[in-house]
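Worth saying up front: this structure is predicted, and the values here are computed from it rather than measured. Values below: every heavy atom of this structure, side chains too, minus hydrogens, waters and symmetry copies. Throughout, protein chains are lettered first and strands after them, A, B, ... in sequence-line order, and every chain is numbered starting at 1.
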Amino acid sequence: MKKKSLQEDIVDVCLRRGIIFPSAEIYNGPSGFYEFGPVGESIRQNIIQLWQEAFVNAENNVYEISGSTILPENVFEASGHLESFNDPLTQCEGCKSMFRADHIIEEQVGINVDGKSLAELFDIIKEKNIVCNTCKGVLTMPREFNMMFSTTIGPVSDKTGYLRPETAQNIFLNFRRISHSMRAKLPFGVAQIGKAYRNEISPRNFLIRLREFEQMEIEMFVDPDEINNHTYWDDIKDFEVRILTREAQQKNGKPKKMTLEQGITDKIIHNQYMAYYMFKESLFVQDLGISEDQFWFRHLLENQTAHYSKANYDLEIQFPFGIVECIGLAYRTDYDLIKHAEKSKTNMQINVPGKGNIVPHVIEPSFGLNRLVYAVLLNSYISEGREWTWFKFPKSIAPWEALITPLMKKDGMDETAENLYWDLKDQGIDAIYDNSGNIGKRYARNDEVGVPFCITVDYDTLKDETVTIRDRDTTEQIRVSMDEVGSIIRELILEIITWEEIKEETEVLNENTE
RNA sequence: GCCUACGUAGUAUAGUGGUGAGUAUCGGGGCCUCCCACGCCUCAGACCUGGGUUCAAAUCCCGGCGUAGGCACCA
């Protein structure tokens with residue numbers, strides 16, 4: 001009689017309807033890995049496409065690349081990941097709890113132990129009598145736990161490679177090639193969509209914390225002197241965002257609504273480029289169907305900011321069971337380019353006319369694709385009002401645009417519907433065909449994966465070449481001619497016309513009165 | 001990694017130291033049906049994994065893997 005959680009319901013429908021599967025499920029695969037099924041993959045592709053349109057195609061200075069996921073060790077020596085992703089863990093001999101050695105020392109005796117070796121940490125633990133937080137037990141010698149997956153490169157080589165823990169490094173590594181080959185001038189951005197890997201200690205919560213995940217990132221290279229001189233500033237400065245300020249977090253308060261300009265003036269938003277991406281991220285998240293009262297930007301506290309970053313704002317989305325952080329926005333300064341310049345002895349400067357060579361600074365919006373997919377699933381999921389659950393995906397994200405189906409499999413309706421299906425596919429409609437079971441079952445099945453429209457061939461079609469279109473969100477139906485149905489679906493999907501508008505113009509029938 | 005609970009068809013569940021492992025739903029095929037998981041027939045489908053105890057283990061014990069929650073860790 002246990003009431004199932006929302007997450008369990010979503011996982012259930014993901015499995016049944018081909019959206020998301022656990023990896024290597026038949027071997028009880030390790031946790032933290034999930035794969036997209038046919039329906040989920042379609043949703044994923046659609047989200048990627050929306051992102052590319054907004055963040056790459058809509059700009060005139062953003063270039064997209066695709067980098068290697070395995071990179072040699074020196075990359076991560078330079079980037080700091082070998083050091084800072086390397087946590088010294090110590091374990092209690094009594095209760096087996098794990099702690100970060102540096103954290104527990106700092107917590108119990110307030111000493112900063114940055115840069116100490118494992119042996120030195122252990123000495124301090126013994127000397128200062130540091131004990132287990134939970135049971136006061138004795139702590140073991142700390143050992144390294146690195147969150148990066150390592151591998152070897154080449155057949156007999158002892159050359160170490162790592163699966164990248166973030167996509168960003170490829171962009172820094174290719175900085176010179178890109179700026180030269182594209183004749184790029186500051187400011188310009190490099191975008192990348194790809195996998196990243198982190199060997200999390202305990203993956204949890206379905207798609208929230210994964211060991212293999214996908215990021216959509218931009219590194220925006222900017223002249224630091226121009227960081228408060230964004231080209232579109234006048235157009236966006238009055239845009240309102242909600243920010244959970246550092247002050248509000250201390251007071252356990254609520255996000256504050258402010259214009260971007262006010263955020264800059266009050267020194268809450270670090271610079272105009274970050275403000276610009278807050279603007280862009282806000283629009284994007286709303287395109288995914290998430291309303292503005294459901295998300296905000298959290299200004300990370302200083303001790304939560306990553307080793308490379310000067311300022312961070314996480315876009316967090318509120319759901320019934322909690323908060324999901326989906327998009328990071330970081331000011332990485334010139335940290336990465338300088339580190340790689342030093343380590344590789346490569347010039348990472350770019351020429352700025354009238355100024356000479358400089359190392360640009362970097363603003364990085366970083367989108368967690370898997371988390372966004374999850375956010376979309378959670379946000380679109382509806383379990384009330386019908387005998388089945390359904391997804392009210394935005395039309396541009398839904399796995400298919402329309403179902404084509406005959407009312408019944410007889411009297412030629414089947415063949416007519418199938419011909420219409422091929423016709424619509426030729427017209428570029430992302431259509432799916434189904435003639436099994438009965439009509440109600442088919443509507444329900446398609447609601448369940450969030451297909452926005454169902455086109456039904458019925459007896460009238462055979463007489464006068466009209467079909468009905470059923471709207472997923474209202475279950476209302478209209479009747480239109482077969483010749484027009486493709487273009488009408490196209491206009492509905494692109495939101496050139498709304499359902500309400502088209503209802504005015506056509507015959508509405510069979511209103512569902514349950 | 002620790003603690004607690006759990007693991008039976010795709011999903012949800014019943015059940016017992018010796019069973020033909022039951023039911024519902026989904027799925028496939030067929031029938032019926034002029035619009036929202038109708039009904040009928042039919043087929044297919046399961047005891048997480050490895051070891052131990054036992055004449056006998058899906059059932060009891062231990063380990064592993066996985067899931068949920070809590071701790072810790074992490075963004």
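Closest-nucleotide positions on RNA chain B for R371(A) and K463(A) were compared, and the one nearer the 5' end corresponds to K463(A). Nearest-nucleotide positions on RNA chain B for V11(A) and R442(A) put R442(A) closer to the 5' end.
Comparing the C1' positions of rG28(B) and rG18(B) gives an interatomic distance of 35 Å, to the nearest angstrom. The P atoms of rA68(B) and rU11(B) are separated by 15 Å, rounded to the nearest whole Å. When the C1' atom is used for both rC71(B) and rG17(B), the distance is 38 Å, rounded to whole Å. Rounded to whole Å, the C1' atom of rA56(B) lies 48 Å from the corresponding atom of rC38(B). Comparing rA46(B) with rG20(B), their C1' atoms sit 15 Å apart, to the nearest whole Å. Taking the P atoms as reference points, rG10(B) lies 12 Å from rC48(B), given to the whole Å. Rounded to whole Å, the P atom of rA21(B) lies 13 Å from the corresponding atom of rA58(B). When the C1' atom is compared between rA5(B) and rG39(B), the two are found 42 Å apart, to the nearest whole Å.
Close placement of the F284(A) and F367(A) rings is indicated, their centers lying within 6.0 Å of each other. Aromatic ring centres of Y313(A) and Y277(A): separated by at least 6.0 Å. Between F206(A) and Y34(A), the gap from one ring centroid to the other is short of 6.0 Å.
Straight-line distance from the CD atom of E325(A) to the P atom of rA75(B): 10 Å, rounded to whole Å. The CG atom of L207(A) sits 11 Å away from the P atom of rA68(B) (whole-angstrom rounding). Note: NE2 (H81(A)) to P (rA75(B)) measures 10 Å, nearest angstrom. The CG atom of N370(A) sits 16 Å away from the C1' atom of rC74(B) (whole-angstrom rounding). What separates CD1 of I208(A) from P of rU67(B) is a distance of 14 Å, to the nearest Å. Taking atom CG of N312(A) as the reference point, atom P of rC74(B) lies 16 Å away to the nearest angstrom. The interatomic distance linking E25(A) (CD) with rA46(B) (C1') rounds to 14 Å, in whole Å. Atom CD of E217(A) and atom P of rA75(B) are 15 Å apart (whole Å).
Screening E316(A), R242(A), R246(A) for a side-chain contact (heavy atoms from CB on, under 4.5 Å) involving R298(A) leaves a single residue, E316(A). Only one option out of E217(A), R164(A), E219(A) pairs with N170(A) in a side-chain contact (heavy atoms from CB on, under 4.5 Å); it is R164(A).
Across all strands, D447(A) comes closer than 4.0 Å to no nucleic acid atom at all (heavy-atom distances). Using a 4.0 Å heavy-atom distance criterion, R209(A) is classed as a base contact.
Side-chain N/O atoms of D458(A) and base N/O atoms of rC34(B) include no donor-acceptor pair closer than 3.5 Å. Checked by distance alone, Q477(A) brings a side-chain donor or acceptor within 3.5 Å of a matching partner on the base of rC35(B). Interface remark: the R470(A) side chain does form a donor-acceptor pair with the rC36(B) base, using a distance-only criterion of under 3.5 Å. The base of rA68(B) is not paired with the side chain of E8(A) by any donor and acceptor separated by under 3.5 Å.
Contact check, T475(A) against rC36(B): no side-chain N or O comes under 4.0 Å of OP1 or OP2. Phosphate proximity of rU33(B) to N438(A): absent, as no side-chain N or O sits under 4.0 Å from OP1 or OP2.
Within the cation-pi definition used here (under 6.0 Å to the ring centroid, within 45° of the axis), K195(A) does not qualify as a partner of F213(A).
Under the 4.5 Å side-chain criterion, counting only non-hydrogen atoms from C-beta, Q7(A) is in contact with Y374(A). Inter-residue side-chain proximity for R479(A) and D460(A) is flagged as met; some heavy-atom pair is nearer than 4.5 Å.
Near RNA chain B, meaning a heavy atom under 4.0 Å from it, residues 410-420 of chain A has K410(A) in order of number.
Of the possible donor and acceptor atoms, none in the side chain of S380(A) sits under 3.5 Å from a partner among the backbone N and O of L377(A).
Stem regions annotated for RNA chain B: B:1-7 with B:65-71, B:10-13 with B:22-25, B:27-31 with B:39-43, B:48-52 with B:60-64, counting only runs of 3 or more consecutive pairs of Watson-Crick or G-U type with both contacts under 3.5 Å.
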Name the pairs: protein N/O against N/O of nucleotides 27-29 of chain B, kept only if under 3.5 Å.
{"residue": "rG27(B)", "atom": "OP1", "partner": "R445(A)", "partner atom": "NH1", "Å": "2.3"}

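Not counting sequence neighbours, the partners of F279(A) by the ring-ring contact (aromatic ring centres under 6.0 Å, His included) test are F239(A). Remark: H270(A) engages Y331(A) in a ring-ring contact (aromatic ring centres under 6.0 Å, His included) (not counting sequence neighbours).
Residues N379(A) and Q294(A) have side chains that bring a donor and an acceptor to within less than 3.5 angstrom of each other.
Relative orientation of the F33(A) and F149(A) rings is tilted, given thresholds of 30° and 60° on the angle between their planes.
Across rA75(B), rA37(B), rC36(B), the shortest atom-to-atom separation from the side chain of Y443(A) is found for rC36(B). When the nucleotides rA75(B), rC35(B), rA37(B) are ranked by their closest atom to the side chain of T468(A), rC35(B) comes out on top.
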Under 3.5 Å, which donor-acceptor pairs do the side chains of residues 444-456 of chain A form with other protein atoms, sequence neighbours left out?
{"residue": "R445(A)", "atom": "NE", "partner": "D434(A)", "partner atom": "OD2", "Å": "3.2"}
{"residue": "R445(A)", "atom": "NH2", "partner": "D434(A)", "partner atom": "OD2", "Å": "3.1"}
{"residue": "R445(A)", "atom": "NH2", "partner": "S436(A)", "partner atom": "O", "Å": "3.1"}
{"residue": "R445(A)", "atom": "NH2", "partner": "S436(A)", "partner atom": "OG", "Å": "2.8"}
{"residue": "N446(A)", "atom": "ND2", "partner": "R442(A)", "partner atom": "O", "Å": "2.9"}
{"residue": "D447(A)", "atom": "OD1", "partner": "R470(A)", "partner atom": "NH1", "Å": "2.9"}
{"residue": "D447(A)", "atom": "OD2", "partner": "R386(A)", "partner atom": "NH1", "Å": "2.7"}
{"residue": "D447(A)", "atom": "OD2", "partner": "W388(A)", "partner atom": "NE1", "Å": "3.0"}
{"residue": "D447(A)", "atom": "OD2", "partner": "R470(A)", "partner atom": "NH2", "Å": "2.9"}
{"residue": "E448(A)", "atom": "OE1", "partner": "R17(A)", "partner atom": "NH1", "Å": "2.7"}
{"residue": "E448(A)", "atom": "OE2", "partner": "R16(A)", "partner atom": "NH1", "Å": "3.1"}
{"residue": "E448(A)", "atom": "OE2", "partner": "R16(A)", "partner atom": "NH2", "Å": "3.3"}
{"residue": "T456(A)", "atom": "OG1", "partner": "Y443(A)", "partner atom": "OH", "Å": "2.7"}

